[in-house]
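The structure under discussion appears below in the form of structure tokens.
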Amino acid sequence: MQTVLITGAASGIGRDTARLFAGAGWQCVLVDHNEQALHTLGQSLPAPASAAHVLRTIDLTDPQQIASLGDGTPALDAILNNAGMSDASNTPLAEQSPAQMGRLLALNLAAPAAVVDACTHLLKPGARIVNVASGAGLHAIPWRGAYSPSKAGLIAQTLALAQARPDWCVTVLAPGFVRTELVDGLIQAGRLKPERALAKIPLGRMAAPEEMAQALYFLASPGAQPLSGQVLPVDGGSSIYGGSQALAPATWAAQALDMPMQLEVCGGDAAPWQDVAQPAIGQPHYAACLDLSPLSCESAGLLQAVHAAAARFAARCAQQASLTVLLPSRKVDRWQHAGDGAAARMLVSTLACEWGHRALRVNALEVPGDVDPQSLHPLLRFVCGPAAQYLTGQTLIGRSVAPKESP
């Protein structure tokens with residue numbers, strides 16, 4: 001049996017994540033400061049086969065309470081540091097005192113590290129650590145106090161942890177706009193205009209909390225190992241959009257996140273990649289294409305190869321489908337060719353912005369020459385498939401990293 005610790009478990013993304021893990025048979029250690037909501041959630045979850053879920057009412061801004069997690073908590077396969085808060089004061093940042101910012105920084109930045117420290121002795125070999133940051137940590141969002149600085153700090157802290165502990169799989173999830181209680185509160189307070197937010201999201205909609213739960217479920221699995229030390233922005237493409245023109249709203253609703261995937265592998269030797277997904281013949285399915293053609297290109301022809309793959313895909317799929325292209329690693333033989341890879345990656349992002357309102361997604365995965373294709377299959381199943389319907393415009397790196405002993 002696998003065990004996961006989830007902070008901020010009693011509401012929003014954390015609540016949907018707990019339901020997903022418990023439904024899959026995991027034992028959940030659920031941490032939140034809201035005792036009543038936590039108890040209600042615990043009562044609603046299916047019980048694991050051989051042990052009960054563990055409910056811990058803890059104020060994560062209190063280091064002593066966090067330290068208590070080290071006692072009475074079972075051995076852990078994964079930690080999901082999901083708890084966080086925004087700033088509802090609307091006070092200009094320069095006018096805030098350190099005390100005003102203190103609770104937000106304690107929860108968003110200090111608590112994740114303290115949770116890991118408290119539970120280090122409980123982590124099994126190859127454990128997964130996932131810290132939930134935000135798109136606000138990638139781009140400054142004014143009028144929300146220290147929210148953006150706290151999330152930027154969390155991203156940097158997480159990447160440093162990945163370097164310090166190569167024996168773990170350490171990743172960051174950076175959600176975009178998700179219709180949680182927190183976001184609904186900002187909307188009701190007039191702090192967030194939904195129409196303005198949607199105008200900057202290529203996929204033209206906000207995410208549902210269960211879409212972030214799906215991303216966390218993947219990142220907590222052994223298949224996430226190739227992403228260790230990386231940020232996964234599941235944000236509808238908002239982090240890659242730089243235009244001034246308002247984007248079109250979504251014309252298609254998200255499909256079921258557990259819908260079978262029909263994957264077409266094209267543009268190269270399909271044999272090493274063929275069993276990424278089982279065919280969904282004769283039943284409703286999510287259409288996906290994995291294009292290998294850019295993988296064998298010289299750097300000078302990479303942009304053209306990605307463009308050709310996109311043209312083939314667009315000619316076959318009009319809506320609700322995904323294209324994932326495999327790219328070679330970024331090493332180039334001549335400096336004159338150094339721009340081609342960057343151009344190809346930006347082409348992926350630009351296509352995502354143009355296609356998003358039709359629920360057409362495009363992502364890229366850089367593949368080192370020495371990687372075992374089998375090790376990337378779980379990652380590709382997630383990226384290509386319906387569980388990742390809010391992931392678009394991203395270039396991920398499929399690192400060939402074997403877990404090492406911690407120094």
Side-chain angles (χ1 to χ4, degrees), residues 12-13 16 86 134-144 148 173-215 232-259 261 284-289 310-311 313-324 346-364 383-395:
I13 293 171
D16 280 76
S86 185
S134 168
L138 303 172
H139 303 284
I141 298 182
W143 313 114
R144 289 176 67 182
S148 280
L173 176 66
F177 289 103
V178 185
R179 286 302 296 252
T180 61
E181 291 95 329
L182 185 152
V183 169
D184 281 337
L186 291 173
I187 293 172
Q188 293 169 13
R191 302 276 306 282
L192 175 63
K193 303 294 185 184
E195 62 277 8
R196 293 184 183 178
L198 295 180
K200 300 177 183 179
I201 303 173
L203 285 177
R205 63 178 180 86
M206 291 189 185
E210 54 262 38
E211 292 184 275
M212 298 305 113
Q214 290 285 345
L232 183 66
V234 183
D235 58 8
S238 58
S239 62
I240 52 93
Y241 178 62
S244 57
Q245 181 177 346
L247 293 168
T251 51
W252 296 87
Q255 293 181 305
L257 301 180
D258 59 354
M259 175 178 282
M261 175 172 62
H285 61 269
Y286 184 79
C289 176
F313 173 75
R316 293 193 304 272
C317 298
Q319 70 277 323
Q320 291 187 308
S322 75
L323 168 65
T324 305
M346 184 55 75
L347 178 61
V348 168
S349 295
T350 306
L351 288 165
C353 293
E354 294 184 359
W355 288 349
H357 69 285
R358 292 183 285 150
L360 289 178
R361 302 188 299 114
V362 54
N363 295 285
V383 172
C384 296
Q389 285 178 79
Y390 209 60
L391 175 67
T392 193
Q394 306 299 327
T395 297

Worksheet item: Out of curiosity, E211 CD to D16 CG, how far, rounded to the nearest 0.5 Å?
Response: 10.5 Å
Let me have the donor-acceptor pairs involving side chains of residues 250-257, under 3.5 Å, with sequence neighbours excluded, atom names and distances please.
from	atom 1	to	atom 2	distance (Å)
T251	OG1	H357	O	2.7

Item to complete: Quick one: closest heavy-atom pair of M212 and L173, and the distance?
Response: O-CD2, 4.1 Å
Worksheet item: In Å, rounded to the nearest 0.5 Å, how long is the span from CG of L203 to CD of Q389?
Response: 9.0 Å
Fill in: Greater than 12 external heavy atoms within 6.0 Å of M346's CE
no
Practice prompt. Can you tell me which residue pairs pass the salt bridge (charged side-chain N to carboxylate O under 4.0 Å, His left out) test with a partner in residues 178-189, sequence neighbours excluded?
Written response: R15-E181, R179-D184
Item to complete: Output all residues satisfying side-chain contact (heavy atoms from CB on, under 4.5 Å) with A288, sequence neighbours left out; order by chain, then residue number.
Response: M261, L263, S322, C384
Worksheet item: Any sub-3.5 Å donor-acceptor pair from T392's side-chain atoms to V362's backbone N or O?
Response: yes
Fill in: Minimum heavy-atom distance D235-P175, with the two atoms named
CB-C, 4.2 Å
Fill in: Nearest heavy atoms of P386 and Y286, plus distance in Å
N-CD2, 3.7 Å
Worksheet item: For the atom pair OG1 (T324) and CZ (R361), what is the distance rounded to the nearest 0.5 Å?
Response: 6.5 Å
Discussion item. Tell me if the CD atom of E195 is crowded by more than 12 foreign heavy atoms within 6.0 Å.
Written reply: yes
Item to complete: Compare every heavy atom of S349 with every heavy atom of G393, then report the nearest pair and how far apart it is.
Response: O-OG, 2.9 Å
Fill in: Closest non-hydrogen atom pair, A318 against L360
O-CD1, 3.7 Å
Discussion item. What I'd like to find out is whether the side chain of R358 reaches to under 4.5 Å of the side chain of C317, using heavy atoms alone.
Written reply: no
Fill in: For the student: nearest non-hydrogen atoms of K200 and P202, plus distance
O-CD, 3.6 Å
Worksheet item: Quick one: does N363's side chain have a donor or acceptor within less than 3.5 Å of a partner on L391's backbone?
Response: yes
Item to complete: Kindly determine whether H139 and S238 satisfy side-chain contact (heavy atoms from CB on, under 4.5 Å), including the steps that lead there.
Response: CA-CA 10 Å; H139 303 284; S238 58; over 6 Å; no
Item to complete: Could you pull out all residues at least two apart from L198 that satisfy side-chain contact (heavy atoms from CB on, under 4.5 Å)?
Response: I201, M206
Discussion item. Test of understanding: with side-chain hydrogen bond (donor to acceptor under 3.5 Å, both in side chains), list the residues that count as partners of Q214, not counting sequence neighbours.
Written reply: none
Fill in: Which residues share a ring-ring contact (aromatic ring centres under 6.0 Å, His included) with Y390, sequence neighbours left out
none
